[in-house]
Amino acid sequence: MTHAWHRLSRQGYSVPERLSMVYEEVGPSITITSLTNVLSFGIGAFTPTPEVRLFCIGAAIAMAIAFVMQLILFGPILAIACRWETKGEKDAPSGWRKTLHDAFNDAVKAYCRLLGNKIFTVAVGLGMIVYWTFGIMGLLNIKTILDPGKILPPNSPIQVSNAILRNIVWAEYHPVTILVNTPFNVSDPQQIGRFFEMVDDFERLPKCKGAESSLIWLRDYADYTTRGEPEVDMFAMMMGEVKMSNTEHVDPLKTNMTLKKLDAFLASPFYKHWSSFLKQGVDKSGERIITQFRVDVAYQNTTTWEIRIDLMVEFRDLVARYKDLNASVWEHNGFFVDQMLSLKGVAIETGLLTLLCMAVVCAAFIPNPVSLISAIIAIASISMGVMGYLSWWGFDLDPVVMAAVIMSIGMSVDFTAHVSYHYQLTSKKVMVNGKVKKETLNGKQDKLEHTLESVGLPMLQAGASTIFCILPLLFIQSYNTSVFVCAIVLVVGWGLLHGLIVLPAFLACLPSSVTDINLYSTYLSTSSEKSCRYAGPPEPEEVPMKDKRAQHA
């Protein structure tokens with residue numbers, strides 16, 4: 001808005017006329033980017049990760065408020081502030097300003113001729129192939145890991161305990177709890193056999209510490225029903241040692257267990273700790289049964305999330321084979337594992353749904369199908385590049401990176417929708433001798449010059465100001481800020497690459513018969529064609545501004 005306001009200051013418009021021209025010129029582009037940003041973050045608000053959901057809700061509300069305030073507040077402020085503009089700002093540039101202005105116009109024209117050069121277009125295409133290759137490689141190799149050590153501040157006291165947990169505890173002892181939820185009959189050899197078959201599968205997994213580290217009450221109960229309590233060497237106890245005999249395990253399948261000795265078993269000082277591992281009840285016939293119970297199997301050397309995720313997947317696959325036991329697995333990292341397993345799918349689903357919503361919004365303002373499709377492809381290319389090159393940068397897919405990617409999808413619209421919208425216009429309005437004239441844009445050179453004159457400099461200013469605004473974050477030693485800094489640098493870099501080079505070069509290589517197609521012109525009347533900036537090639541006409549206001553009235 002500021003760029004258009006200053007550019008129109010020397011064309012003789014009154015303040016109301018000038019403000020209306022600003023809104024007519026930049027209003028559709030601002031609306032496209034604002035709506036797509038709100039939709040992008042709105043879709044992200046439905047992700048299962050609480051941190052991502054909270055970030056997206058806040059960002060969507062902020063974007064909506066910024067859009068409304070820009071329309072109802074910033075425009076009137078520009079109109080009020082124009083009374084303090086100096087006379088020189090409204091006159092044609094002179095001196096060094098004219099030299100700089102002419103140099104800028106000459107540079108834009110030369111750059112537009114370069115964009116229309118076929119050799120340059122081929123070079124851009126080859127460069128994009130390299131860009132896509134490395135971006136896709138990074139996207140395919142990105143790991144889904146949620147590491148609390150990265151998210152916590154470096155000087156947080158929790159970092160010490162997290163390091164102990166990762167390097168010592170999980171290296172030596174990583175338990176998993178298996179819950180058997182079906183009513184269990186200890187006198188049924190078939191049910192006991194199925195249970196110990198499942199236990200054997202768990203104890204044969206890699207990283208398992210072995211049967212001696214498993215906590216299974218049924219093994220001790222089988223020993224108790226067969227031999228009674230262990231025998232304690234009293235002499236050794238008097239000498240300060242605890243020695244027990246008769247502790248060899250018996251095969252539970254070869255015992256005729258019943259629940260008659262269960263109360264004595266749970267009251268024994270050697271076995272009373274098992275009371276917290278099982279629940280008792282009665283069946284329909286009034287017989288005593290075990291309604292639920294748990295067992296623990298221990299693993300070691302699970303110091304990385306990759307190992308823990310693979311183990312959790314294997315745990316769930318194992319219990320799925322024993323549906324007759326109605327078993328389930330609980331592990332204290334299960335919540336984080338579920339988040340990691342779902343993040344990649346949620347990221348893909350969110351990205352595709354966001355692109356679809358952006359396509360719908362852009363279609364409402366860009367009636368040319370080629371410009372619309374090219375804008376959507378450019379948005380997808382920027383988003384893929386951000387996520388893929390974040391992987392090359394050493395980042396993993398976690399809630400913070402996912403929030404940054406959703407943000408980058410929304411920001412990428414700012415660098416593509418403006419170019420696609422302005423390039424599909426077939427005319428522009430200029431002030432000649434106090435009259436508004438609709439001037440036809442003939443050929444790709446005129447279209448490129450009009451597009452870059454309208455959005456080229458604001459796009460560069462927006463990119464540079466965004467980078468400068470995030471530079472202070474480099475002084476914060478935090479993983480979260482480093483993710484957002486890197487993501488914003490990538491989205492600005494790739495966005496400027498696509499908006500100023502790739503997209504204009506692609507549109508310029510297409511024939512005018514393709515880029516001038518207007519799907520909406522079929523539904524527009526003759527009178528609306530005169531008031532619509534993209535309603536086909538207009539007839540040259542001069543309309544006094546007073547008469548124009550009277551017609552609208």
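More than 12 heavy atoms of other residues, nucleotides or ligands lie within 6.0 Å of CD in Gln461, so this atom counts as buried by the packing criterion. The number of heavy-atom neighbours closer than 6.0 Å to CD1 of Ile72, taken from other residues, nucleotides and ligands shown, is above 12. For Leu473, the CG atom counts as densely surrounded, since its 6.0 Å shell holds more than 12 non-hydrogen atoms of other residues, nucleotides or ligands.
Annotation: side chain of Trp494 is in contact with side chain of Tyr131 (closest heavy-atom distance under 4.5 Å). Put simply, the side chain of Met459 does not reach to within 4.5 Å of the side chain of Leu452, judged on heavy atoms. Taking 4.5 Å as the limit, every side-chain heavy atom of Asp310 sits out of range of all side-chain heavy atoms of Ile307. Within the 4.5 Å cutoff, the side chain of Val419 has heavy atoms near those of the Pro504 side chain. In this structure, Tyr111 and Val108 have side chains that are not in contact, with every pair of non-hydrogen atoms separated by 4.5 Å or more. Counting heavy atoms from C-beta on, the side chains of Glu314 and Leu311 come closer than 4.5 Å. In this structure, Leu115 and Phe120 have side chains that are in contact, with non-hydrogen atoms separated by less than 4.5 Å. With contacts defined as side-chain heavy-atom distances shorter than 4.5 Å, the pair Val455/Tyr423 does not qualify.
Looking at Asp338 and Arg316, a side-chain N of the basic residue comes within less than 4.0 Å of a carboxylate O on the acidic one, giving a salt bridge.
Note that the CG atom of Asn301 and the OG1 atom of Thr303 stand 7.0 Å from one another [nearest 0.5 Å]. Separation of atoms CG (Leu497) and CG (Leu490) is listed at 12.0 Å; rounding is to 0.5 Å. Remark: Ile142 CD1 to Leu390 CG distance equals 7.0 Å, nearest 0.5 Å. Of the inter-residue distances, the one linking Thr144 atom OG1 with Trp305 atom CH2 reads 12.5 Å to the nearest 0.5 angstrom. The CG atom of Asn117 sits 6.5 Å away from the OG1 atom of Thr121 when rounded to the nearest 0.5 Å. Atom CD of Glu453 sits about 8.5 Å away from atom NE2 of His450, to the nearest 0.5 Å.
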Evaluate the side-chain contact (heavy atoms from CB on, under 4.5 Å) criterion for residues Met384 and Leu139: first the C-alpha distance (whole Å), next the side-chain angles of each, then the deciding distance (0.1 Å), finally the verdict. CA-CA 7 Å; Met384 180 273 296; Leu139 195 61; 4.0 Å; yes
Residues Leu474, Leu471; criterion side-chain contact (heavy atoms from CB on, under 4.5 Å); working and verdict: CA-CA 6 Å; Leu474 294 175; Leu471 286 180; 3.9 Å; yes
Yes or no on side-chain contact (heavy atoms from CB on, under 4.5 Å) for Asn333 and Trp170, after CA distance, side-chain angles and deciding distance? CA-CA 11 Å; Asn333 291 313; Trp170 286 339; 3.2 Å; yes
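Counted by atom type alone, His174 and Thr302 present one or more donor-acceptor pairs between their side chains at under 3.5 Å. Between the side chains of Ser381 and His498, at least one donor N or O sits under 3.5 Å from an acceptor N or O.
Residue pairs meeting the side chain to side chain donor-acceptor pair (under 3.5 Å) criterion with at least one partner in residues 388-404, sequence neighbours excluded, are Lys150-Asp396, Asp398-Tyr479.
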